[in-house]
Structure formats: C-alpha cells, structure tokens
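So the structure is just underneath, and the comments pick up after that.
The figures that follow rest on heavy atoms only: side chains count, while hydrogens, waters and symmetry mates do not.
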Amino acid sequence: MAPWIIQIALVAMSILTETTEGKKDTVLYCSACRAIVDELNYSISQIDPKKTIHVGGFRLNPDGSLTDKKVPLARSEANLSELLDGVCGSMSDYALHVDPDTKIKQYKRFAPRSSDAGDFPDFNNFKFDGPEGSNALKFVCESIVEEFEDDIISLFAKETDHVVDKLCNEVSGTVSDMLWFLSDQASCLPLNA
C-alpha cells in the first residue's frame with residue numbers, strides 16, 4: 001500500500017510542477033532575440049573595418065618567432081564580448097508593435113539611431129506599456145545573452161549571413177516552434193498562421 005501512495009504523490013508533484021512553470025511569451029522571446037542580433041549588427045557596422053587586433057598566444061616558437069595573427073576588430077571575440085555586455089541596455093528603445101494589416105505583434109525599435117536621419121516609424125502602431133514593457137524585454141535579453149553568450153560570440157565571429165536565423169532558431173531555440181520570414185519587415189509567425 002505504501003508504494004501506491006508514493007506513486008500518487010509523485011504524479012501529483014509532477015502535475016503541479018508542470019502547471020507552475022510559466023509559459024514563455026514567444027513574441028517577447030522572439031523579439032528579444034531579433035533585437036540582440038539587430039543591435040549587435042548595428043554596433044559592428046559602426047566600427048572601422050580597417051581596424052585590427054592581435055590575437056594568439058603570444059608564445060615563442062622554437063625558432064624564436066611569435067605566432068599571433070591580426071583579425072578585424074569588429075568581429076573579434078574581445079570586441080563582441082564587450083558589445084554583448086551593453087546590448088541589453090538599448091531594449092528601452094523598443095516597444096510592442098502591432099502590424100495594422102496582419103495584426104502580428106512583435107517588439108520593434110521605435111527610437112531612431114543617430115545615423116537614421118529623419119527615418120521615424122509610425123508611432124500609431126506602437127503600444128507603449130511604460131517601463132514594464134521594456135523591462136520585460138531587457139530581462140529576456142539578459143537571459144538569452146547569459147545563457148548563450150559563447151554561441152552568440154562564435155556566430156558573430158564567423159558568420160555575417162543568417163545570424164538571426166541560426167541564433168534564434170537553431171542555437172537558443174527561443175522560437176523553435178515559430179517560422180521566421182526573413183525580409184526587411186521580418187516577423188515571427190506561428191507555424192499554423
């Protein structure tokens with residue numbers, strides 16, 4: 001009789017733990033992942049492509065020569081790590097955007113950058129939730145960066161194309177149940193949409 005009670009208790013505990021786990025807000029996670037890629041790409045584009053940095057062990061070879069190499073500063077691990085430290089600080093420049101035609105929700109940047117001369121978005125389609133909305137996006141951003149920092153750095157160090165696809169779908173799985181349409185106005189859409 002005692003094993004039967006233990007089994008019921010285990011089943012009850014497993015049901016309670018499944019129901020107490022929060023469901024991920026796919027719009028929030030998808031948008032945070034996209035924002036990380038967008039902000040890092042912008043930061044990388046602002047660095048002079050001619051700048052390089054020495055990397056390597058700086059150890060002497062048996063013949064007395066050094067084995068170090070120069071890599072572009074913009075995609076060096078040191079620079080990418082520094083950029084990642086501040087990437088989530090710009091999440092306050094994002095707000096929930098609802099496409100007027102498709103009604104698709106996603107967080108988008110509403111604040112123009114210094115290089116965006118007069119390119120202002122239509123604020124009618126943004127829903128400003130106050131600091132709570134950007135704090136939630138910043139928290140998710142920090143969670144993604146903390147969990148996948150090494151993966152993010154390796155992706156940006158090696159690749160320039162389809163980083164958003166690989167990071168958000170393959171590496172972090174934040175939108176593994178979502179379908180990405182990569183265009184200028186890319187959105188996360190459920191597979192059944």
Check side-chain hydrogen bond (donor to acceptor under 3.5 Å, both in side chains) between D63 and all other residues, then give those that pass, not counting sequence neighbours.
S65
How would you list, by chain and number, every residue that makes a side chain to side chain contact (heavy atoms under 4.5 Å, CB included) with E142, sequence neighbours excluded?
C88, K138
Compare every heavy atom of I36 with every heavy atom of C141, then report the nearest pair and how far apart it is.
SG-CG1, 3.6 Å
Across all chains, not counting sequence neighbours, the side chain to side chain contact (heavy atoms under 4.5 Å, CB included) partners of E77 are I153
I need the minimum non-hydrogen distance between S76 and I53, along with the two atoms involved.
CB-CG2, 3.6 Å
Residue pairs passing the ring-ring contact (aromatic ring centres under 6.0 Å, His included) test with at least one member in residues 60-86, sequence neighbours excluded, are none
For C33, run the side-chain contact (heavy atoms from CB on, under 4.5 Å) check against D38, V140, I144 and tell me which one passes.
I144
Can you classify the ring geometry of F123 versus F128 as parallel (below 30°), tilted (30 to 60°) or perpendicular (above 60°)?
tilted
Do M91 and F110 land in one hydrophobic cluster if side-chain heavy atoms of ILVMFWY residues count as linked below 4.5 Å?
no
Identify the residue among V87, V163, L40, L80 that makes a side-chain contact (heavy atoms from CB on, under 4.5 Å) with I152.
L40
Check whether more than 12 heavy atoms from other residues, nucleotides or ligands sit under 6.0 Å from atom CD of Q46, and answer yes or no.
yes
Starting at CZ of R75, measure out to CD1 of I47 and round the result to the nearest 0.5 Å.
9.5 Å
Got a sec, which residues hit side chain to side chain contact (heavy atoms under 4.5 Å, CB included) with T102, two or more places apart in sequence or on another chain?
D99, I104
Rounded distance (nearest 0.5 Å) linking atom OG of S154 with atom CZ of F148
12.0 Å
Which ring-ring contact (aromatic ring centres under 6.0 Å, His included) pairs, counting each pair once, include a residue from residues 64-106, with sequence neighbours left out?
H97-F126
Closest non-hydrogen contact found for L96 with Y107 is N-CD2, 3.6 Å
Taking salt bridge (charged side-chain N to carboxylate O under 4.0 Å, His left out) as the definition, give me every residue that meets it alongside D85, ordered by chain and number, with sequence neighbours left out.
none
Starting at CG of L73, measure out to NE2 of H54 and round the result to the nearest 0.5 Å.
12.0 Å
Please lay out, stage by stage, how S81 and E149 fare under the test side chain to side chain contact (heavy atoms under 4.5 Å, CB included).
CA-CA 8 Å; S81 181; E149 182 174 6; 3.9 Å; yes
Among all residues two or more places apart in sequence or in another chain, which pass the side-chain hydrogen bond (donor to acceptor under 3.5 Å, both in side chains) test with S143?
none
Closest contact, heavy atoms only, K105 versus V27
O-CG1, 3.4 Å
Enumerate the salt bridge (charged side-chain N to carboxylate O under 4.0 Å, His left out) contacts for residues 39-52, please, sequence neighbours excluded, ordered by first and then second residue.
E39-R109, E39-R113
Residues passing the side-chain hydrogen bond (donor to acceptor under 3.5 Å, both in side chains) test with N135, sequence neighbours excluded, are none
If you compare all heavy atoms of F156 against all heavy atoms of N41, which two are closest, and at what distance to 0.1 Å?
CE2-OD1, 3.3 Å
